[in-house]
Amino acid sequence: MPELPEVETTRRGIEPFAVGERVVKLTIRQRQLRWLIPDGVEKEITDGNGFMITSVKRRAKYLLLEGEEYGTIIIHLGMTGTLRVLNIDEPVEKHDHIDIELSNNKILRYRDPRRFGAFIWTTEEIESHPLFIKMGIEPVLYGHSATEVGEHLYAKSRKRKTAIKVFIMNQHIITGVGNIYACEALFSCGINPTIGCNIVSAKSYQKLAETIQKILTKAIKSGGTTLQDFRNSDGKPGYFQQQLQVYGQTDAACTICSTSIKKITQAQRSTWYCPQCQK
DNA sequence: CGTATCTCCTGCAAGC
DNA sequence: TGCTTGCAGGAGATAC
């Protein structure tokens, strides 16, 4: 389940192989991802000399392959998606839905068993694209200080009543915080996930912002250590190397106070927390 | 605009 | 052993 660190790790893995190359062929074996990939996209992207990739960016959990003159390929990894750099003779396996063949004889291969991901071709400006127009603040790698992020969270929360955990998972508020990091960050700050986001203090938001930055940065770093194998295998996700304090730890003893970790459901999503440490 | 609910999909684990 | 059932989850779409 890629969260922001996994998407960033993927971006870094792909960038050196993709930038400056042209898309010479696009093979789509499964068009029904999150959104149906329209017929004709292959031709649009490979027409003429082929779309030349000038940069590989990330916004929220979306990867952006930007073109020389116009156009961007937007890719979301969903829950189970991977995008790897492979040689063109690499055998196709189950769930390998898309191959982006490059002029250097490498392919960017998109695999996604659950098909929650997306592949979109757009000629719109990214920042005004419907997917990004209301996108929230980037917590890391965009130069936002913890103070800025904390103030942003505080300001956005004043007139809302959503539970704090649901609030920080809202990508229109802050990007990149998925279920795992949301649970872990709230535990680390001693904040109960069920309390209203509007009653969390400015001071608590500062601490939360610092924690989110710290956790994501650490996860990106550990993702980076697996980059050397990137062409052949998927790197172990950042959270794999991180000790999970509450996520998935139903009935386990809290590492701080030994109280049983509790599992509840919020917005169709599981939340784990320590009822003693998080008041 | 804010909020809650529904939805897509497959792999895996647990239970019978 | 093999079946059924439930759960996991990102985030847009939808209804109010």
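Side chains included, hydrogens not; waters and symmetry mates left out as well; all remaining heavy atoms used. Just so we're on the same page: letters track the sequence lines, and every chain starts at 1.
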Tell me the interatomic distance from [X], atom [atom1], to [N], atom [atom2], rounded to whole angstroms.
| X | N | atom1 | atom2 | value |
| --- | --- | --- | --- | --- |
| Ile174(A) | dG10(C) | CD1 | C1' | 16 Å |
| Met79(A) | dG10(C) | CE | P | 6 Å |
| Ile74(A) | dG12(C) | CD1 | P | 11 Å |
| Leu77(A) | dA11(C) | CG | P | 10 Å |
| Ile164(A) | dG2(B) | CD1 | C1' | 16 Å |
| Leu4(A) | dG10(C) | CG | C1' | 13 Å |
| Lys161(A) | dG2(B) | NZ | P | 12 Å |
| Gln266(A) | dT5(B) | CD | P | 12 Å |

Answer with yes or no whether the side chains of Gln245(A) and Thr255(A) bring together a donor and an acceptor at under 3.5 Å.
yes
Base, sugar-phosphate, or nothing for Leu131(A), non-hydrogen atoms under 4.0 angstrom?
sugar-phosphate
With heavy atoms under 4.0 Å as the rule, sort Tyr62(A) into base, sugar-phosphate or nothing.
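Sugar-phosphate contact only - Tyr62(A) comes under 4.0 Å of backbone atoms but never of a base.
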Quick one: does Thr265(A)'s side chain have a donor or acceptor within less than 3.5 Å of a partner on Gln268(A)'s backbone?
no
Is Arg11(A) reaching over with its side chain to a backbone N or O of Arg58(A), donor-acceptor style, under 3.5 angstrom?
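Not at all, since once roles are kept as given, no pair shorter than 3.5 Å links the two residues.
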Is [X] near enough to [N] that one of its side-chain N or O atoms lies under 4.0 angstrom from OP1 or OP2?
| X | N | value |
| --- | --- | --- |
| Thr162(A) | dG2(B) | no |
| Lys61(A) | dA11(C) | yes |
| Tyr181(A) | dG10(C) | no |
| His172(A) | dG2(B) | no |

Taking the minimum atom-to-atom distance to the side chain of [X], which one of [options] wins?
| X | options | result |
| --- | --- | --- |
| His76(A) | dG2(B), dC7(C), dG10(C) | dG10(C) |
| Trp35(A) | dG10(C), dA13(C), dG2(B) | dA13(C) |
| Ala267(A) | dT3(B), dA11(C), dT5(B) | dT5(B) |
| Asn179(A) | dA11(C), dC1(B), dG10(C) | dG10(C) |

On the 0 to 90° scale, with breaks at 30° and 60°, tag the Tyr142(A)-His144(A) ring pair as parallel, tilted or perpendicular.
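Geometry flag for His144(A) against Tyr142(A): parallel rings.
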Any idea how Tyr110(A) and His97(A) line up, ring-wise: parallel (<30°), tilted (30 to 60°), or perpendicular (>60°)?
tilted
Which value, rounded to the nearest 0.5 Å, describes the distance between Met135(A) atom CE and Ile126(A) atom CD1?
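Reported value, rounded in 0.5 Å steps: 10.0 Å.
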Could you walk me through whether Leu208(A) and Leu186(A) pass the side-chain contact (heavy atoms from CB on, under 4.5 Å) test, one step at a time?
CA-CA 7 Å; Leu208(A) 190 54; Leu186(A) 290 173; 4.0 Å; yes
Judged by each residue's nearest nucleotide on DNA chain B, which is more toward the 5′ side, Lys134(A) or Ala163(A)?
Lys134(A)
Chi angles and distances behind the side chain to side chain donor-acceptor pair (under 3.5 Å) call for Gln266(A), Thr271(A):
CA-CA 7 Å; Gln266(A) 295 181 284; Thr271(A) 299; 2.7 Å; yes
Letter by letter from the 5' end, nucleotides 7-15 of chain B scores (B base, S sugar-phosphate only, - none; protein heavy atoms under 4.0 Å) -BBBS----
